[in-house]
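Contents: one structure, followed by commentary.
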Amino acid sequence: MPKPYRSAITTHVGGRPYVYGYDLAELAGTNSFARAIYLILKGEMPDKNSEKMLEAILTISIDHGVEPPSVVAARNVYSGGSPVQAAVASGILALGEYHGGAIEAAMENFLRYCPPAGDGADKLVEDFAKSGQRVSGFGHRLYETDLRTIRLVQIAKELGFYGKFVKFAEAVEGKLLFGGKRLPINIDGIIAALLLEMGFNPKVGKGVFIIARTPGLVAHVVEEALREKPFRRLSEKDVEYDGPRPRK
Ligand SMILES: CC(C)(COP(=O)(O)OP(=O)(O)OC[C@H]1O[C@@H](n2cnc3c(N)ncnc32)[C@H](O)[C@@H]1OP(=O)(O)O)[C@@H](O)C(=O)NCCC(=O)NCCS
C-alpha cells in the first residue's frame, strides 16, 4: 500500500536531518542561505555563479517601500491587534498577479513564445493586445525604467546568465507600448527570465518572490509593533464618499 505522503526533499537518517541528501548540520556554517534555497528549490547544489545570481535576486527584492499593497496589508493587520504571523501572512496574501506574483505567469509566457519553440516577441505582444490582457512582468506604477532590472541584467552579464530568455524579455519590452508610454521589464519580469536561464520550473516563481520579500514584511510588522500605536485608520479626509446621502 502506498504511503500517504511522498517526498524527495527531506528525511532523517540516524537522527540527523538531510535535504536532498545533504546533512543540514554540515551545511550550516559552510554554505550561504542562497545556496540552501537553491538546493531546496532545485534538488541540486548551485555552482558559484548560480548562487551569486540567486543571491542578487533575493537581495534586490527584499523590500520596496512602505506603500505597496503587501506592506500596507501586513502593517494594518498587525495594527488591528492580530499576531505577527497573521500580519506577515496577510502581506504574503497581497502578493498577487499585479504585485510580486507575476513571475510564474511571465515564465510560462516566455517558455511559450520564446523562439525556437515559440513564435517570438511580436506574436506575444499581438496576442496580448488582442485579448486585452496585461503582459505579466512588464509595466510599473512608478518607473519608466526599473533600476533593479538594469542592475540584475548587469549582474547576469557578469555571471553568464544573459541568455535567450533575458534577450527575449528585452525584445518584448522594445515592443510594448501603451499610448506611446514604454512598459519596462519590471522586477517580476526579469526574475522570471533569470529563473528560466537557471533552469527553474515556473512553479517556483511565486515562491522565489515570497522568500525574498518575507524578511521585508517581517521587518515592517516588527517596526509597526515597536513604534506605532494600534488601530491604524484612514481619516475621513482620505475617503471620497460617493454613495447615497442620508435618507428615510
Ligand atoms: C505593474 C502594474 C500593475 C502597474 O500598473 P499601472 O500603474 O496601471 O501602470 P500604468 O499606469 O503604466 O498603466 C497604463 C496603462 O498601460 C496598460 N498596461 C500596464 N501594464 C501593462 C502590461 N504589462 N501589459 C499590457 N498593458 C499594460 C494598462 O492597461 C494601463 O491602462 P489602463 O489604465 O487603461 O488599464 C501593471 O503594469 C501590470 O499590471 N503589469 C503586469 C503585472 C506585473 O508584471 N506585475 C508585477 C509588478 S512588479
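In this chain, numbering begins with 1 at the start of the sequence shown. Note that ligands are numbered from 1 as they come in the structure, with each ligand's atoms numbered from 1 the same way. Bear in mind the structure is a predicted one, so any value in this text is a computation, not a measurement.
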For G137, the ligand 1 atoms whose distance to one of its heavy atoms is below 4.0 Å | 43 (C), 44 (O)
Partners of H140 by ring pair (Phe, Tyr, Trp, His ring centres under 6.0 Å), sequence neighbours excluded?
-> H64, Y143
Note: ligand 1 atoms sitting under 4.0 Å from heavy atoms of A102 are 43 (C), 44 (O), 45 (N), 46 (C)
Which is it for S136 and ligand 1 at heavy atoms under 4.0 Å: side chain, backbone, both or neither?
-> backbone
Closest to atom 5 (O) of ligand 1 among H99, R134, Q133, H140 (heavy-atom distance) | R134
Nearest heavy atom to atom 22 (C) of ligand 1 wins, so pick from V125, L95, V135.
-> V135
Could you tell me whether atom 33 (O) of ligand 1 has a protein heavy atom closer than 4.0 Å?
-> no
Centroid-centroid distance, F200 to Y38, less than 6.0 Å = yes
Nearest neighbour in protein (non-hydrogen) for atom 42 (C) of ligand 1 = E97 O, 3.4 Å
E224 and R232 ion-paired at < 4.0 Å | yes
Would S50 and D47 count as having a side-chain donor-acceptor pair, cut-off 3.5 Å?
-> yes
What's the shortest distance from atom 4 (C) of ligand 1 to any protein heavy atom, and which residue and atom give it?
-> R141 N, 3.7 Å
With distance as the sole criterion, is a donor-acceptor pair present between the side chains of E170 and Y162 under 3.5 Å?
-> yes
Are R134 and E97 close enough for a salt bridge, meaning some N to O gap below 4.0 Å?
-> no
Report yes if the side chains of K52 and I155 come closer than 4.5 Å at any heavy-atom pair, otherwise no.
-> no
Tell me, yes or no, whether the heavy-atom count around F231 atom CZ, taken from other residues, nucleotides or ligands under 6.0 Å, exceeds 12.
-> no
Under 4.0 Å from one or more heavy atoms of K181, ligand 1 contributes atoms 10 (P), 11 (O), 12 (O)
Indicate whether the side chain of H220 and that of D63 have a donor and an acceptor atom separated by less than 3.5 Å.
-> yes
Looking only at heavy atoms, is any part of Y98 under 4.0 Å from ligand 1, and if so is it the side chain, the backbone, or both, or is it neither?
-> both
For atom 17 (C) of ligand 1, which protein heavy atom lies nearest, and how many Å away is it?
-> F178 CD1, 3.5 Å
Which residue holds the protein heavy atom closest to atom 1 (C) of ligand 1, what is that atom called, and what is the gap in Å?
-> G139 O, 3.7 Å
the protein heavy atom lying closest to atom 26 (N) of ligand 1 turns out to be L183 CD1, 3.7 Å
Any non-hydrogen protein atom less than 4.0 Å away from atom 39 (O) of ligand 1 = yes
